[in-house]
*Asks:* 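Dropping a structure here in structure tokens format, bear with me for questions.
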2 protein chains.
Amino acid sequence: MSIHARPTLEDVAARAGVSRATASRVLNASPRVSPEALEAVNAAVLALGYQPNRAARALVTRRTGAVAVVFSEPEPKIFDDPHFARLIRAGARALADVDVQMVLMLVHSPDDQARAHRFLAGGHVDGALVFAPHRNDELVSIVKKLPLPVVYAGKPWGSLRGMHLVDNDNEGGAVLATEHLKSLGRKKIVHVSGPLDELSAIDRLNGFKSAMGLDDKGAAKVTEDGGFTREGGRKAMAALLAKVPTLDAVFVASDLMAAGALETLQEAGKRVPQDVAVVGFDDHVAIAEHTTPPLTSVRQDSDEQVKHMVEHLMKLLRDETVKTKKQVLPTVLVRRESA
Amino acid sequence: MSIHARPTLEDVAARAGVSRATASRVLNASPRVSPEALEAVNAAVLALGYQPNRAARALVTRRTGAVAVVFSEPEPKIFDDPHFARLIRAGARALADVDVQMVLMLVHSPDDQARAHRFLAGGHVDGALVFAPHRNDELVSIVKKLPLPVVYAGKPWGSLRGMHLVDNDNEGGAVLATEHLKSLGRKKIVHVSGPLDELSAIDRLNGFKSAMGLDDKGAAKVTEDGGFTREGGRKAMAALLAKVPTLDAVFVASDLMAAGALETLQEAGKRVPQDVAVVGFDDHVAIAEHTTPPLTSVRQDSDEQVKHMVEHLMKLLRDETVKTKKQVLPTVLVRRESA
DNA sequence: CTCCTCGATGAAAACCTTTGAGTCGCAGGT
DNA sequence: ACCTGCGACTCAAAGGTTTTCATCGAGGAG
């Protein structure tokens, strides 16, 4: 080992007075190694500041120690949604915790899709976490064909056979929200939904419908699509005020939209919660705690969701036979002042 | 090559009727190869769907083909700032374009710092893009000692010797904003600054001061720190209204704070821009286009900044002697309705 | 005392690519 | 006829780790 080069396993072994093989066993926590050897190797590692060469290890184990985190969104603008930042942060943390490299991939265009395909097929990562909520997202079909362990966030559109996913209980949360509004004595409850090409939006709508005892026809009269954007929430709320002038409560399928809806209500001279009670969804603190009034919302714990996704993927990578392929995380109602 | 295994360079060479070495040279665009060989190899690559094994390549070239993107923020909450999402997106895109893996690292705690240190020192990446705007951020001193090519976003605190960075012209932008307000005939112009432990905030403050011809004392009377948060902007604006009741214009050092300031102004019954003209900074469309009224703002093109950072880092990696170590990107004023 | 067993260890193959050194054939100069 | 130079190519080493297989020694059973 020259002065400047990084120490290799060979150096460690030499210093510890054992062979490369034994040193390797120590590093990989093999049980077949004597206490003395273990101690000696550990000391050498520490003294030399040894760090295994990832490339060499990857070459022989056929494992890269990296996983891809893929966000597929036809509309780049959606990334202004703070939800996205929260998921990325959670991913970075959870993967760092298990000492795995996170390779972030954002796919917007067909070009991006092709690139993602090449990359994922190229064996550059051991597995992937995929966020692809939209209907008929081709990326999902592409990924499905790959011999690569994948865990999805939420239900991707299409058949779920053989897929692994961690979802939030969107429907249950929607029921919670709606029941809460009912329990406040509200009679005319309406709903601002997300875009109906995302299953999470559909599930929330379904929860609303079932809690209200509505069929499709009935629901259509008291529901507007807000597209999961602030501006959309604003407009949807305005449309609902026109459609149902006597409304006294609204369940909004995301906090961002709820912020927009609150603005519309304020402009229309409605007091919240006295005239109209409002419940959001996400419990995104940066939004919910700073609206006026602070927003009652259904909490879905994204950190938890991502953590579960990572755990699940790690099990797949360790080739453990995974008992449960689909997990649904509970949602809870967080009361603030808007309802 | 078995049925299921991925093809190796050996397979490609065999199919093309050449040696591994020649095949390799084709892949690496070496000039020393005949047209026929080139053609044959390319055909074989295509036919076999060959993809080079990154690990093997990394092992011999001592290059990983990955770079780290590091965000150092003592306060995780700051990541709710949409600016962060924009930077990440830009990084993902720019790095994908040059076919380099992006390894995202978020460092909040000293623990994270230690981990980042280990990782960056471990030779797992070829270089790093570092976002560490805060004063006395220890991560910067850590990174500085590493024999690793690094490009910073903006000026990190401390000596800049030997460092590579791409900054926005914060001071110039601030001058632009202030001059614009002056040209509108405004007489009492105040400033909501960012947190003064970030040089970008200080530069913007300096621009304001110089355009106004103020010294430190004079500036203190018409300036408030809004901490680069919406809520902070709200409060700072309120404080300024109390301090300078006759104010007729405000330059706010970020769009997020400006959104908060607008709310305060509205609550105080001030019309924008008639009573008070407002200019923001960032030109973050998701904010600036959706405030009421739409926000006049100084544009700093983050996409461009990140693109330059990547380009610069690539030059460093190719070991080109880089002429310019510090780049400053221009800022421009985007007029909307608030001023 | 010999034979086995078993746990710890070492030697060496394997993983796949890049690259410097060496080979080969051929044209052109002497 | 012989060397030289050159372009196109092949050979084989090197890069650092994991893992299989063989070896070695100690201790227990017979």
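Letters A, B, ... mirror the listed sequences (proteins, then strands); counts begin at 1.
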*Asks:* Are the side chain of A:Arg15 and the backbone of A:Ala47 linked by a donor-acceptor contact shorter than 3.5 Å?
*Replies:*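 Side chain of A:Arg15 to backbone of A:Ala47: no pair is present.
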*Asks:* So, OP1 or OP2 of C:dC16: does either fall under 4.0 Å of a side-chain N or O from B:Tyr50?
*Replies:* no
*Asks:* Whole angstrom is fine here: how far is it from CG in B:Asp11 over to P in C:dC15?
*Replies:* 11 Å
*Asks:* Just by modelled atom types, is the B:Val107 backbone N or O under 3.5 Å from a matching donor or acceptor in the B:Gln113 side chain?
*Replies:*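 The answer is no, because no donor-acceptor pair under 3.5 Å joins these two groups.
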*Asks:* State, with a plain yes or no, whether a side-chain heavy atom of A:Arg115 is found less than 4.5 Å away from one of A:Asp111.
*Replies:* no
*Asks:* Taking all non-hydrogen atoms of both residues into account, name the closest pair between A:Gly65 and A:Asp126 and its distance.
*Replies:*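 Where A:Gly65 meets A:Asp126 most closely, the heavy atoms are N-OD2, 2.8 Å.
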*Asks:* In this structure, how many angstroms lie between the C1' atom of C:dT18 and the CG atom of B:Asn28, rounded?
*Replies:*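 It works out to 7 Å between those atoms.
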*Asks:* Can you see which heavy atom on A:Arg20 is nearest to which on A:Ala13, and at what distance?
*Replies:* N-CB, 3.6 Å
*Asks:* Taking protein heavy atoms under 4.0 Å as touching, what does nucleotides 6-13 of chain C look like 5' to 3' if B marks base contact, S marks sugar-phosphate-only contact and - marks none?
*Replies:* --SBBBBB
*Asks:* First contact, last contact: which nucleotides of DNA chain D are these for chain A, 5' to 3', heavy-atom distance under 4.0 Å?
*Replies:* D:dG16 to D:dT20
*Asks:* Roughly, in whole Å, what's the span from CZ in B:Arg54 to P in C:dT17?
*Replies:*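 Roughly 13 Å, once rounded to whole Å.
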*Asks:* Between B:Gln51 (CD) and C:dC16 (P), how many Å, whole number?
*Replies:*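 The answer, rounded to whole Å, is 14 Å.
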*Asks:* B:Phe84 vs B:Phe71 aromatic rings, parallel, tilted or perpendicular, using cut-offs 30° and 60°?
*Replies:* perpendicular
*Asks:* Measure the distance from CZ on B:Arg62 to C1' on C:dT19 and round it to the nearest whole Å.
*Replies:*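 Answer to the nearest Å: 13 Å.
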*Asks:* To the nearest 10 degrees, how far apart in direction are the end axes of the helix from C:dC1-D:dG30 to C:dT30-D:dA1, each fit to five base pairs?
*Replies:* 60°
*Asks:* Determine, stepwise, if the pair A:Met102 / A:Val100 fulfils side-chain contact (heavy atoms from CB on, under 4.5 Å).
*Replies:* CA-CA 6 Å; A:Met102 160 170 174; A:Val100 167; over 6 Å; no
*Asks:* Quick check: does any side chain N or O of A:His108 sit under 3.5 Å from a backbone N or O of A:Glu73, one acting as donor and the other as acceptor?
*Replies:*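 Judged by distance alone, yes, a pair lies under 3.5 Å.
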*Asks:* Take A:Asp112 and B:Arg93 through the salt bridge (charged side-chain N to carboxylate O under 4.0 Å, His left out) test and state the conclusion after the steps.
*Replies:* CA-CA 9 Å; A:Asp112 292 344; B:Arg93 180 150 302 276; 3.0 Å; yes
*Asks:* On DNA chain D, check which nucleotide each of A:Val60 and B:Ala23 is closest to and give me the residue with the more 5' one.
*Replies:*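 Closer to the 5' end of DNA chain D: B:Ala23.
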*Asks:* Give me the atom names and distance for the closest heavy-atom approach of B:Arg54 to B:Asp99.
*Replies:*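 Here B:Arg54 and B:Asp99 meet closest at NH2-O, 3.8 Å.
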*Asks:* Would you mind classifying the nucleic acid contact of A:Ser24 as base, sugar-phosphate or nothing, using non-hydrogen atoms under 4.0 angstrom?
*Replies:* base
*Asks:* Main chain of B:Glu304, side chain of B:His308: is a donor-acceptor contact present, judged purely on distance under 3.5 Å?
*Replies:* yes
